[in-house]
Amino acid sequence: MLGILARLSTSRLLPLATAALSALMTVVPAAPARSDDARQTPPPRVNPNAKAIAGFQEEINEYVELHRILEKTLTPVPRDATPEMIDKFQRDLGRLVQQARKNARAGDVFESDARPVLRKLLAGLFNGPDGKKLRMAVAEENPGESVKLVVNGRYPDTIPLSSMPPQVLQTLPQLPAELEYRFIESTLILLDVHAHIIVDYMTGAVPK
Amino acid sequence: MRTSRALLAALLAVSLLYLAAVLPGASRIEARQAPQPEIPLPNREGSFKFAVLGDFGTGDRVQYELGDQMAKVHERFPFELVITVGDNIYGGERPQDMKKKFEEPYKALLSKGIKFYASLGNHDDRGQARYALFNMDGKTYYTFKAPGASVRFFALETDYLTPAQTSWFEKELASAGEDWKIPYFHHPLYSSGGRHGSHSDLATVLEPLFLKGGVSVVFAGHDHFYERVKPQKGITHFVTGSGGKLRRGDISKTTGLTAVGFDSDLAFLVAEIDGDRLFFNAISRTGAIIDSGVIERRKQE
């Protein structure tokens with residue numbers, strides 16, 4: 001855990017620390033204050049959920065770092081761009097990401113330790129008191145099987161995005177501006193919103 | 001003698017129409033099928049006038065026809081800007097799509113310098129935030145002050161309402177000094193749509209902020225019809241989601257929400273803010289006035 005933290009910059013540490021802290025607070029009972037010799041203090045317990053979330057955040061940060069490096073090689077799009085500029089930038093960035101991650105596989109970002117934790121977080125929501133309305137919100141205009149799940153694949157231009165209920169976004173670890181969570185059927189995807197590319201996906205995110 | 005009687009009758013008709021539009025409690029007006037020669041709004045010089053359009057970017061003939069109708073209305077009722085409640089472009093968003101589905105249908109308005117301030121729907125690519133003609137300044141949610149009026153608009157991204165966006169909105173609402181604070185976004189908190197309907201997940205988060213922030217009126221789309229919802233906790237909700245798409249007969253009669261509904265043709269809305277009153281007309285593709293009324297500004301809690 002400390003090794004992971006040491007490799008992160010301060011700006012990347014903040015969301016990670018927040019997520020980890022909140023996960024720790026919810027799962028690990030507070031230890032009583034100790035005044036005895038520090039040498040007798042047992043090594044700090046590491047909450048496995050927090051560690052998994054930290055690992056997921058690290059993968060996110062690595063992806064975004066790559067994204068930003070690639071983005072800087074392109075002519076920036078001004079805030080008052082033409083459709084040609086926007087389209088060219090998006091497709092060029094998509095190609096660069098696809099080339100740079102040509103060996104990417106499902107589970108690279110939603111890594112194996114994080115998946116059960118994220119599923120558990122979502123199950124708490126979807127099986128909770130507001131579960132019915134959240135399921136309805138997620139199901140609405142959910143593209144379902146019309147989107148082929150391919151890591152590094154372009155999200156189809158003609159398929160609308162599923163709406164993400166605010167309660168889901170409050171529960172999942174926060175993402176940098178380059179990425180969004182979306183649902184395709186019950187699968188949670190990570191979408192690169194600048195490149196319009198599916199970065200990774202996790203099946204079984206909405207419990208049956 | 002006959003001429004003066006006819007003149008008197010015409011004056012009487014116009015006066016009745018105006019009174020029906022402005023008197024409190026007379027905000028529900030039955031849909032009239034015949035095109036109206038005049039816009040029954042005060043149309044006062046110096047008031048702030050704007051239009052609302054949603055779910056429009058199909059590139060289909062009917063979208064162009066509604067665009068033409070908007071331009072015709074603008075000749076008589078010179079609204080200064082248009083706010084869009086999302087689903088600005090359906091399907092592909094290549095440069096040729098942006099022309100066919102936005103620039104050409106509203107060419108007459110754009111050429112007059114009328115600005116469109118977009119919000120995003122679930123069919124919209126986030127790249128639209130940088131499209132010059134949508135005036136979003138690169139942001140998927142943003143706020144701006146109406147020129148020369150005590151009115152502030154808030155374009156929200158309800159398709160992806162993050163905690164960061166909610167905090168931003170709460171802060172901006174609290175610090176806004178304008179009399180009128182008007183949020184607009186894609187997913188309606190209240191709607192009688194059979195296909196979509198009300199979004200209670202969003203209402204849980206946004207409605208308390210609206211109430212606390214002194215919001216009187218909100219505009220949404222998503223359901224492909226026009227509906228004015230009966231005031232909910234004192235706030236009037238409009239669904240203006242038939243700017244290009246239409247879901248005929250989709251307004252459920254059992255929700256008890258509808259003040260006025262129109263789901264048999266495309267429509268847009270024009271509004272005029274004069275002091276503490278917001279006057280509105282919903283207008284169909286053929287120019288029929290389908291709803292008309294006035295909303296009094298709520299005082300902040």
Side-chain angles (χ1 to χ4, degrees), chain A residues 15 18 76-91 93 125 129-143 154-182 191-196, chain B residues 86-87 89-103 120-140 142 156-167 169 185-187 193 195-206 222-223:
Chain A
T18 310
V77 182
R79 291 177 170 206
D80 54 351
T82 62
E84 287 80 6
M85 290 172 176
I86 296 165
D87 187 62
K88 184 175 186 317
F89 179 86
Q90 189 182 81
R91 288 173 195 277
L93 181 60
L125 266 186
D130 292 332
K132 191 180 170 189
K133 72 178 177 188
L134 293 176
R135 284 172 190 270
M136 282 170 64
V138 166
E140 193 191 287
E141 295 215 28
N142 187 315
R154 184 173 168 85
Y155 189 95
D157 294 344
T158 53
I159 305 291
L161 295 163
S162 69
S163 300
M164 295 296 292
Q167 294 81 357
V168 172
L169 296 176
Q170 281 164 8
T171 300
L172 291 170
Q174 291 190 33
L175 295 175
E178 291 86 350
L179 293 172
E180 284 183 358
Y181 297 108
R182 296 286 177 173
L191 181 71
D192 185 323
V193 289
H194 295 179
H196 215 57
Chain B
D87 283 4
I89 304 291
Y90 288 95
E93 300 198 9
R94 302 296 292 248
Q96 60 269 33
D97 293 307
M98 302 304 281
K99 282 191 175 56
K100 184 185 169 195
K101 299 170 187 175
F102 178 67
E103 293 171 21
L120 300 178
N122 56 308
H123 283 262
D124 296 319
D125 186 89
R126 273 56 204 146
Q128 287 181 22
R130 290 183 179 268
Y131 176 40
L133 296 180
F134 282 167
N135 294 291
M136 299 174 75
D137 196 28
K139 298 166 193 147
T140 56
Y142 61 101
L156 303 180
E157 189 191 12
T158 48
D159 202 41
Y160 205 78
L161 191 67
T162 57
Q165 184 184 172
T166 307
S167 303
F169 178 49
F185 43 84
H186 189 57
H187 299 82
R195 172 74 181 267
H196 298 311
S198 302
H199 285 74
S200 56
D201 57 320
L202 291 168
T204 304
V205 176
L206 290 175
H222 198 43
D223 273 315

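When reading the values below, keep in mind they use all heavy atoms of this one structure, side chains included, and skip hydrogens, waters and symmetry mates. Computed from a predicted model, the values in this text were never measured in an experiment. Each chain gets a letter, A, B and so on, in the order its sequence line appears, and its residues count up from 1.
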Can you tell which of [options] has the highest number of heavy-atom pairs within less than 4.5 Å of chain B?
options                             : result
A:Met136, A:Lys133, A:Glu180        : A:Glu180
A:Met164, A:Gln90, A:Glu141         : A:Glu141
A:Lys88, A:Glu140, A:Glu84, A:Arg91 : A:Glu140

Report yes if the side chains of [X] and [Y] come closer than 4.5 Å at any heavy-atom pair, otherwise no.
X        : Y        : answer
B:Lys139 : A:Arg79  : yes
A:Ile86  : B:Glu93  : no
A:Ser163 : B:Thr158 : no

At a heavy-atom separation under 4.5 Å, does [X] approach chain B through its side chain, its backbone, both, or neither?
X        : answer
A:His196 : side chain
A:Pro78  : backbone
A:Leu175 : side chain

**Item:** Partner set under side chain to side chain contact (heavy atoms under 4.5 Å, CB included) for A:Thr158, not counting sequence neighbours
**Value:**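 For A:Thr158 there are no side chain to side chain contact (heavy atoms under 4.5 Å, CB included) partners, ignoring immediate neighbours.
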**Request:** Please say which of B:Asn122, B:Asp159, B:Asp124 ends up in a side-chain contact (heavy atoms from CB on, under 4.5 Å) with A:Pro160.
**Result:**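 In the set B:Asn122, B:Asp159, B:Asp124, the residue that makes a side-chain contact (heavy atoms from CB on, under 4.5 Å) with A:Pro160 is B:Asn122.
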**Item:** Member of B:Gln128, B:Arg130, B:Gln96, B:Glu103 meeting the side-chain contact (heavy atoms from CB on, under 4.5 Å) criterion with A:Pro83
**Value:**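 Single side-chain contact (heavy atoms from CB on, under 4.5 Å) partner of A:Pro83 among B:Gln128, B:Arg130, B:Gln96, B:Glu103: B:Glu103.
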**Value rounded to 0.5 Å, distance of CG in A:Asp157 from CD1 in B:Ile89** =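 That separation rounds to 12.5 Å.
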**Prompt:** Distance from A:Leu161 atom CG to B:Arg126 atom CZ, nearest 0.5 Å?
**Reply:**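 Interatomic distance, A:Leu161 CG to B:Arg126 CZ, rounded to 0.5 Å: 5.5 Å.
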**Asked** Just checking heavy atoms, which of residues 198-205 of chain B are less than 4.5 Å from chain A?
**Response**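 Within residues 198-205 of chain B, near chain A: B:His199, B:Ser200, B:Asp201, B:Leu202, B:Thr204, B:Val205.
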**Request:** Could you tell me which of B:Gln165, B:His187, B:Arg94 has the largest number of non-hydrogen atom pairs under 4.5 Å with chain A?
**Result:**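 Most pairs with chain A among the choices: B:Arg94.
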**Request:** Using a cut-off of under 4.5 Å on heavy-atom pairs, state which of B:Pro95, B:Ala129, B:Ala164, B:Gly138 scores highest against chain A.
**Result:**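 Heavy-atom pair counts peak at B:Pro95.
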**Asked** Which heavy-atom pair separates B:Tyr160 from A:Tyr181 by the least distance, and what is that distance?
**Response**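 Where B:Tyr160 meets A:Tyr181 most closely, the heavy atoms are OH-N, 2.8 Å.
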**Segment of B:His186 engaging chain A (4.5 angstrom heavy-atom cut-off)** =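 Contact with chain A: none, neither part.
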**Message:** Counting only heavy atoms from other residues, nucleotides and ligands, does the tally under 6.0 Å from NZ of B:Lys99 exceed 12?
**Reply:**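 Counting other residues, nucleotides and ligands, NZ of B:Lys99 exceeds 12 neighbours.
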